[in-house]
Colleague: 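What follows is a single structure, and I will ask about it in a moment.
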Amino acid sequence: MPTYKLLHFIHESIEIIFDRPQTVEKKPDCPNGFIWNAKAYRVTENLEEWHDYQRKGRMAANMRPVHAEAAETKGSWGVGRFYFRARVDTEQIFELYYDRAPKGSKQRTGAWFLVGEMIET
């Protein structure tokens, strides 16, 4: 299995492109593309994906331990991130994630971020 190393740290919000609407918005599949710095990138290969349902910050202490343990494996509303490592049409490899946390009452769906550009080692 290939390994990857961070080439450039970016961590900026991005606009995501899906060819078809997602069936479950808070548990997305790898996007078909994204727009970053006014340039569109098409995903040609989903190399890897994983999720992290760990509660962070003040959210980490607001559940009973038995419920927190279950939430770490299944998730709970507005908590968690879905990560994707993808090759795009320029042959670059990027890591991106969907943060399920709502950003306020007007944006309850979460947001997408570009972590950085990776290289295969």
Side-chain angles (χ1 to χ4, degrees):
M1 179 176 210
T3 58
Y4 302 91
K5 184 171 95 174
L6 186 64
L7 181 63
H8 301 290
F9 181 71
I10 299 167
H11 204 268
E12 293 180 14
S13 63
I14 53 175
E15 183 182 335
I16 291 299
I17 300 166
F18 283 111
D19 293 341
R20 294 185 199 144
Q22 295 292 283
T23 53
V24 181
E25 190 173 29
K26 289 280 191 168
K27 290 188 176 186
D29 294 322
C30 183
N32 299 105
F34 59 91
I35 299 170
W36 172 57
N37 282 343
K39 181 175 181 196
Y41 295 86
R42 292 293 296 179
V43 171
T44 58
E45 184 180 4
N46 179 13
L47 300 169
E48 200 173 349
E49 61 183 81
W50 65 97
H51 60 269
D52 175 8
Y53 290 128
Q54 188 174 3
R55 300 170 79 80
K56 295 169 178 46
R58 63 181 174 81
M59 297 289 284
N62 71 351
M63 274 186 140
R64 291 186 199 157
V66 68
H67 294 156
E69 188 177 318
E72 273 192 42
T73 58
K74 293 191 253 177
S76 59
W77 188 87
V79 175
R81 291 179 178 173
F82 286 77
Y83 290 89
F84 302 93
R85 189 167 290 137
R87 186 181 315 276
V88 298
D89 53 356
T90 60
E91 293 301 316
Q92 292 169 280
I93 298 171
F94 289 104
E95 188 172 297
L96 51 142
Y97 71 89
Y98 173 69
D99 185 351
R100 293 169 29 135
K103 305 302 179 220
S105 61
K106 295 192 190 303
Q107 185 187 358
R108 299 180 59 79
T109 58
W112 283 89
F113 295 91
L114 183 62
V115 175
E117 184 179 355
M118 313 296 287
I119 57 169
E120 196 170 330
T121 57

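Nothing fancy with the numbering, it's 1 onward along the sequence.
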Colleague: Going hydrophobic residue to hydrophobic residue with side-chain gaps under 4.5 angstrom, can you get from L7 over to W36?
Modeller: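 No, no single cluster joins them.
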
Colleague: Assigning hydrophobic clusters by single linkage (Ile, Leu, Val, Met, Phe, Trp, Tyr; side-chain heavy-atom cutoff under 4.5 Å), is F9 placed with I119?
Modeller: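 F9 and I119: separate clusters.
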
Colleague: Can you list the residues that meet the side-chain hydrogen bond (donor to acceptor under 3.5 Å, both in side chains) rule with E15, with sequence neighbours excluded?
Modeller: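 Listed in chain order: nothing, the list is empty.
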
Colleague: Fit a plane to each ring of Y53 and F82, take the angle between them on a 0 to 90° scale, and name the class: parallel (under 30°), tilted (30 to 60°) or perpendicular (over 60°).
Modeller: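 It falls in the perpendicular class, over 60°.
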
Colleague: Rounded to the nearest 0.5 Å, what separates atom OG1 in T44 from atom CG in N32?
Modeller: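 Separation between the atoms: 11.5 Å.
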
Colleague: Provide the closest heavy-atom pair for F94 versus V88 in the form atom of the first, atom of the second, distance.
Modeller: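 Heavy-atom minimum between the residues: CE1-CG2, 3.8 Å.
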
Colleague: Mind checking side-chain hydrogen bond (donor to acceptor under 3.5 Å, both in side chains) for T3 and listing every partner two or more places apart, or none if nothing turns up?
Modeller: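 T121.
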
Colleague: Nearest 0.5 Å please: distance from the CD1 atom of I17 over to the CD1 atom of I35.
Modeller: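 Nearest 0.5 Å value for the CD1-CD1 distance: 4.5 Å.
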
Colleague: Does the side chain to side chain contact (heavy atoms under 4.5 Å, CB included) test come out yes or no for M118 and H8, once each step is laid out?
Modeller: CA-CA 7 Å; M118 313 296 287; H8 301 290; over 6 Å; no

Colleague: Please name all residues satisfying side-chain hydrogen bond (donor to acceptor under 3.5 Å, both in side chains) with S13, sequence neighbours left out, ordered by chain then number.
Modeller: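 For S13, no residue satisfies side-chain hydrogen bond (donor to acceptor under 3.5 Å, both in side chains) once neighbours in sequence are set aside.
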
Colleague: For D19, give me all partners under side-chain hydrogen bond (donor to acceptor under 3.5 Å, both in side chains), at least two apart in sequence or on another chain.
Modeller: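 Only R42 meet the side-chain hydrogen bond (donor to acceptor under 3.5 Å, both in side chains) criterion with D19.
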
Colleague: Does either side chain, that of H11 or that of Y97, offer a donor lying less than 3.5 Å from an acceptor on the other one?
Modeller: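 Yes, Y97 and H11 have a side-chain donor paired with an acceptor closer than 3.5 Å.
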
Colleague: Rounded to the nearest 0.5 Å, what separation is found between the CZ atom of R20 and the CG atom of D29?
Modeller: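 CG of D29 is found 10.5 Å from CZ of R20.
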
Colleague: When rounded to the nearest 0.5 angstrom, what is the spacing between CZ in F113 and CD1 in I16?
Modeller: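 These two atoms lie 11.0 Å from each other.
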
Colleague: Return yes if some donor-acceptor pair links the side-chain N/O of D99 with the main-chain N/O of A101 below 3.5 Å, else return no.
Modeller: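 Confirmed, D99 side chain pairs with A101 backbone.
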
Colleague: Between V115 and I10, is a side chain to side chain contact (heavy atoms under 4.5 Å, CB included) present by the stated rule, with each step listed?
Modeller: CA-CA 5 Å; V115 175; I10 299 167; over 6 Å; no

Colleague: Using every non-hydrogen atom in the two residues, find where C30 and V43 come nearest and quote the distance to one decimal.
Modeller: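 It is SG-CG1, 4.2 Å.
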
Colleague: Give me the atom names and distance for the closest heavy-atom approach of D52 to Y83.
Modeller: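 Distance-wise, the nearest heavy atoms are CB-CE1, 4.2 Å.
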
Colleague: What is the distance from atom CD1 of I93 to atom CG of L6, rounded to the nearest 0.5 Å?
Modeller: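 One finds 12.0 Å between CD1 of I93 and CG of L6.
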
Colleague: Going by ring pair (Phe, Tyr, Trp, His ring centres under 6.0 Å), name the residues that satisfy it together with W112, two or more places apart in sequence or in a different chain.
Modeller: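 Ring pair (Phe, Tyr, Trp, His ring centres under 6.0 Å) list for W112, sorted by chain: F84, Y98.
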
Colleague: Can you tell me which residue pairs pass the salt bridge (Lys or Arg N to Asp or Glu O under 4.0 Å) test with a partner in residues 84-98, sequence neighbours excluded?
Modeller: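 Listed once each, the pairs are E45-R87, E48-R85, R85-E95, R87-E120.
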
Colleague: Once you round to the nearest 0.5 Å, how far does CG of L114 lie from CD of E12?
Modeller: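 One finds 7.5 Å between CG of L114 and CD of E12.
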
